[in-house]
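Presented below is the structure to which this report refers.
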There are 2 protein chains.
Amino acid sequence: MTAEQTDDGLVDALVQTAFATMAVLNRVGAEHDLSLTQLRVLAILRDRQVRMTALADFLGLEKSTMTGLVDRAEKRGLLTRSPSEGDRRAVDVTLSPAGAELAERLAAQVARVLAPRTARLSPADQGRLQSMLARLLTPAT
Amino acid sequence: MTAEQTDDGLVDALVQTAFATMAVLNRVGAEHDLSLTQLRVLAILRDRQVRMTALADFLGLEKSTMTGLVDRAEKRGLLTRSPSEGDRRAVDVTLSPAGAELAERLAAQVARVLAPRTARLSPADQGRLQSMLARLLTPAT
DNA sequence: TATTGTTATACTCTATAACTATA
DNA sequence: TATAGTTATAGAGTATAACAATA
């Protein structure tokens, strides 16, 4: 293998792991009639109260897309819109009690589904894996 | 931490890595006007020729969904439908030369984007990471 | 002028149900 | 009868462009 070429074994494993993980999230969400995006909205709002634009930025979506997503979630009683203090153009999005409870249940369920897989690794390997993934996740220099 | 509880650090890292990886795939696909699903279709067909139902199974989608996906990809000249030998109900899907070329370029581009990240790890760690991910990917017992 | 969010519009993705053709 | 694929339909997700209100 020359320097110009790339051994894609690790990249392939990362991509396949990503798809497998997304499939789990998709399935868990579907059990609660939530799309992957709605699942992410709940996850983001779990520990934050953010404005529409911030939500769109987190998700990598357009503001206009957020309007529809938040509309539907609000209609289901999972979150609420409220005028932002200090800037009367802005809108804060907050989980409702029902939404917060659902978000907790979803997180627990995801952990329950994935835990048997991570448990295949020794505790030491689990720690190594976690720290290696953390290093991959660091924003690009 | 009791035995009933779960340390979600590793699960969180897996999920975050999955989202980061999907974001890369999404971006690469978008540069070529391809959705994530269309990207996957090309990737699957890269080394296989499969029937509509098999494609739907790989992707976890309904057959009727495949019809539309293949319709649009076929209209763009990326793949072709052909009657399956042996079963006149079945339809084989095959990459066109243009589709095959695009699939290769996409794979190379994904590797190019992800490689700088994996390169943060020592070669030894890269090997460890790959084998640990492979263990996670093994189908459930 | 620039920013925040919504509306209008169009297209893709997706599932369910009903259908045709073949097995 | 069962399976492979399509069609019809409906709803969610998404982006672009134009807009109103506020900064």
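Proteins come first, then strands; the chains are lettered A, B, ... in the order of their sequence lines, and each starts at number 1. Computed over heavy atoms, backbone and side chain alike; hydrogens, waters and symmetry mates excluded.
Figure legend: cation-pi geometry between B:Arg40 and A:Phe19, with NZ or CZ positioned under 6.0 Å from the six-membered ring centre and within 45° of its axis.
Salt-bridge formation is detected for the pair A:Arg135/B:Asp125: a Lys NZ or Arg NE/NH1/NH2 atom is positioned less than 4.0 Å from an Asp or Glu carboxylate oxygen.
One can place CZ of B:Arg27 at 17 Å from P of D:dT14, the figure rounded to the nearest angstrom. In this entry the distance linking CG of A:Asn26 with C1' of C:dA15 reads 13 Å, nearest Å. Regarding B:Asp71, its CG atom lies at a distance of 7 Å from the P atom of D:dT6, rounded to whole Å. Across the protein-nucleic acid pair, B:Leu36 atom CG and D:dA12 atom P stand 21 Å apart, rounded to whole Å. For the pair A:Lys75 NZ and D:dG13 P, the computed distance is 12 Å after rounding to whole Å. At whole-Å resolution of the value, CD in A:Gln38 and P in D:dG11 are 16 Å apart. The CG atom of B:Leu39 sits 15 Å away from the C1' atom of C:dC13 (whole-angstrom rounding).
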Under a 4.0 Å heavy-atom criterion, the protein footprint on nucleotides 16-23 of chain D, written with B, S and -, is BB---BBS

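Of the candidates C:dT4, D:dA15, D:dA4, the closest approach to any side-chain atom of A:Leu61 belongs to D:dA15. Of the candidate nucleotides D:dT14, C:dT6, D:dG5, C:dT6 has the atom nearest to the side chain of A:Met52.
For the pair A:Arg81/A:Glu74, a side-chain contact is recorded, criterion being any heavy-atom separation below 4.5 Å from C-beta on.
Within 6.0 Å of atom CD in B:Glu31, more than 12 heavy atoms from other residues, nucleotides or ligands are found, so the atom counts as buried in its surroundings.
As judged by a 4.0 angstrom heavy-atom cut-off over every strand, A:Thr37 is placed among residues touching the sugar-phosphate backbone only.
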